[in-house]
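The next block holds one structure in the form of structure tokens; read it before the comments.
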There are 2 protein chains.
Amino acid sequence: MRAEKVTSVDVAMRAGVSQSAVSRVFTPGASVSPKMAEKVLKAAQELGYRPNVLARSLITGRSRIIGLVVAYLENQFYPDALERLSTALQAHGYHILVFMVSNDDAGVDRVMGELLDYQVDGIITASVGMSNALAARCAAAGVPVVLFNRGQDDHRLNQVTSNNLEGGRKIADFLAAGGHRRIAHIAGWSGSSTGRDREAGFRAGLEAAGVGLAACVDGMYNRETAAAAAREIFAGDDRPDAVFVGNDHMAFAVMDVLRFELNLDIPGDVSVVGYDDVPLASWPAYNLTTLRQPSNRMVEATVSTLLGWIEEGSSDVQKIQIDGPLMVRGSARIPEGWLDERL
Amino acid sequence: MRAEKVTSVDVAMRAGVSQSAVSRVFTPGASVSPKMAEKVLKAAQELGYRPNVLARSLITGRSRIIGLVVAYLENQFYPDALERLSTALQAHGYHILVFMVSNDDAGVDRVMGELLDYQVDGIITASVGMSNALAARCAAAGVPVVLFNRGQDDHRLNQVTSNNLEGGRKIADFLAAGGHRRIAHIAGWSGSSTGRDREAGFRAGLEAAGVGLAACVDGMYNRETAAAAAREIFAGDDRPDAVFVGNDHMAFAVMDVLRFELNLDIPGDVSVVGYDDVPLASWPAYNLTTLRQPSNRMVEATVSTLLGWIEEGSSDVQKIQIDGPLMVRGSARIPEGWLDERL
DNA sequence: ATTCAACTTGCATACGTATGCAGAAAGATC
DNA sequence: GATCTTTCTGCATACGTATGCAAGTTGAAT
């Protein structure tokens, strides 16, 4: 049952060469003659040898492991991002080590130690913030960090987000242009930059359009909280005629409440707009008008900054914001002429 | 910028003891006096020392890494399982290294090499099969494998699934009892044991109830394919009055086609039943009647068999099937008295 | 005080690989 | 063919930790 580990020494003996020769054959860019390479590869093939990544990492200081810290995968945006990140990194010879964490400083703190124990080459956090103390530790350990879909002021932390401020503004424009007059907002978690920025952009946009914000509640990026917020906001007689929900995940819950508990028609009685454009948003059951976060481009940016730091020793902190379009679908009244003028 | 790696030697010097002493303090169950432990821990604390998991693995032969091979995360069942698996394993001091793979032998094959390069202590495959050649390689390398939600005949492979045969049968009973007479099946991928077993159970159940199977198409566990199948099956005049769809992920697509393309009422015109009970199934928009795969118990079983092999050197192959209840909701006509008699 | 057992500790070595260095081999140039 | 480059190879060592072994310490029991 126990494994017969085959090592570079075994291969060396079989091929009648030194262990260093074997190592060099498996090290891209090392100096080996074609004859030697052939001999070694043949022996390796026969024995089924493959270099031990962990032993290698001990010398090179590179583990080819990227730590991914993530709080929850319920919101479809994150599994989607995870899949893309993993695939992209695999193409570069890296792999993702997953760390699930509760989204508070204590949770992140506890996990960060384990993360460094594995000698990860880099860290990506998704949907998770990071205390400055932790940022300092990672910097001290020489491990680059990229915050994915979350911003933070710390000057050591790279970050990739969509342009949340601008996104919020676009949605405000859209709803205002649609002639809505009582507009509500069920916001993303106010403890997150994304939540705050979307709200700020939305408020700014409404103000510019001369429309007031009828109601605003923190939905905590949580289905239940968002549903409760919807019940509250839409309780009275003078209910809103539009609501911007801080992400799609909550928007689905809100739509369910509006339709199935309050028997409201969307978009007849009320317009709903979300944020993210997760796959589910385009399914007919919801057909949600939403601002797309281009996860493919966000992933690209994340991977390239991370690899820039790791492989090219880059050290300029990136704060990347990526613009996304408003995906106009059927959950919100479409302003007259809106579609034409965007062609 | 470069890291100041602090090693056990540094700690040893600071504490005025040998390196082995430091190692022992950080090795549970090793022999150390309280005084020594205190000295070492103090020094470690001051220097911010933490053992290097990778270096340790070189000696112990244990990496505390579990490889997870997964084909796609679009079906909500898998992110959910991933989250649970990761959390459960973390509690035991293990972490998950992710390998995305296309679901064919070539894809799995290519990735399996990388997997072993990382000296993983165990492998979990989710939604992915494994050739016998690969099973042999893992066995030879002494790495235990658990197939999660997929069966395979190979006698070396552990597997954890729901009781798909029985599940299919339950659904047949339910639909037959509901008085449906033209029953169709949009099956799970016939290349997977889950797809085949659910279909077989379903057929057996219908036969026992004396009802024929009006139509049966492979949906490939894919939204598009399933939607196309629905269009095909429901094209003619004598359309089915019920359809069992091989998993929830496809069922949502089918429901969308029935409602929004064919303008059929669910369950008035046609009953739809799914399989998995992903979170989305219980959301009001779909409110899908479906057979629950108890992912919490499946994860428990997976983790405990895997750790049994790794830590206790177990070597009896487990083929675990876990029963799940039919979650009766609103997407399928409920047989008279069905709910009462199950109380 | 003596003997013995039970605990602790340090020394040395091993895990599997990469790499600086120096020497060997192979071409290149005249 | 002699000399100088260039390319290749082996030797030795290092990475950070765990562990068998023997020596040392402690304390209990006589």
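Keep in mind that the numbers below use all heavy atoms, side chains included, and drop hydrogens, waters and symmetry copies.
- Checked against side-chain hydrogen bond (donor to acceptor under 3.5 Å, both in side chains), D117(B) has the following partners two or more places apart in sequence or in another chain: R50(A).
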Show each protein N/O and nucleotides 6-8 of chain C N/O combination with a separation under 3.5 Å, one pair to a line.
residue : atom : partner : partner atom : Å
dT8(C)  : OP2  : S31(B)  : OG           : 3.3

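- Every residue was checked against the ring-ring contact (aromatic ring centres under 6.0 Å, His included) condition with Y78(A), not counting sequence neighbours, and none meets it.
- Annotation: salt bridge (charged side-chain N to carboxylate O under 4.0 Å, His left out) contacts of R84(B) (sequence neighbours excluded): D80(B).
- Within the structure, salt bridge (charged side-chain N to carboxylate O under 4.0 Å, His left out) contacts touching residues 126-152 of chain B (residues at least two apart or in different chains) are D109(B)-R137(B).
- A 6.0 Å sphere centred on CG of D153(A) holds no more than 12 heavy atoms belonging to other residues, nucleotides or ligands.
- With sequence neighbours left out, the ring-ring contact (aromatic ring centres under 6.0 Å, His included) criterion links Y94(B) to no other residue.
- In this structure, V17(B) reaches the sugar-phosphate backbone alone: every heavy-atom distance under 4.0 Å involves primed, P, OP1 or OP2 atoms, never a base.
- Whole-Å rounding puts the L54(A) CG to dT17(D) P distance at 14 Å.
- Rounded to whole angstrom, the span from the CG atom of D117(A) across to the P atom of dT17(D) amounts to 10 Å.
- Shown here are the side-chain hydrogen bond (donor to acceptor under 3.5 Å, both in side chains) partners of S193(A), two or more places apart in sequence or in another chain: there are none.
- Where K35(B) and V9(B) each meet DNA chain D at their nearest nucleotide, the meeting point lying more 5' is that of V9(B).
- Within the helix from dA1(C)-dT30(D) to dC30(C)-dG1(D), the inter-axis angle between the opening and closing five-pair segments is 30°, rounded to 10°.
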With the criterion being N/O to N/O and under 3.5 Å, what pairs connect the protein with nucleotides 11-16 of chain C, and how long is each?
residue : atom : partner : partner atom : Å
dC11(C) : N4   : S20(B)  : OG           : 3.1

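- Residues I123(B) and M112(B) are in side-chain contact: their nearest non-hydrogen atoms beyond the backbone lie under 4.5 Å apart.
- Applying the side-chain hydrogen bond (donor to acceptor under 3.5 Å, both in side chains) criterion to D154(B), with sequence neighbours excluded, gives R156(B).
- For residues 23-43 of chain B, every residue pair satisfying the side chain to side chain donor-acceptor pair (under 3.5 Å) rule, not counting sequence neighbours, is listed here: K42(B)-E46(B).
- Following rounding to the nearest Å, F26(A) (CZ) and dT19(C) (P) show an atom-to-atom distance of 15 Å.
- When the side-chain hydrogen bond (donor to acceptor under 3.5 Å, both in side chains) test is applied to Q76(A), no partner is found at least two apart in sequence or on another chain.
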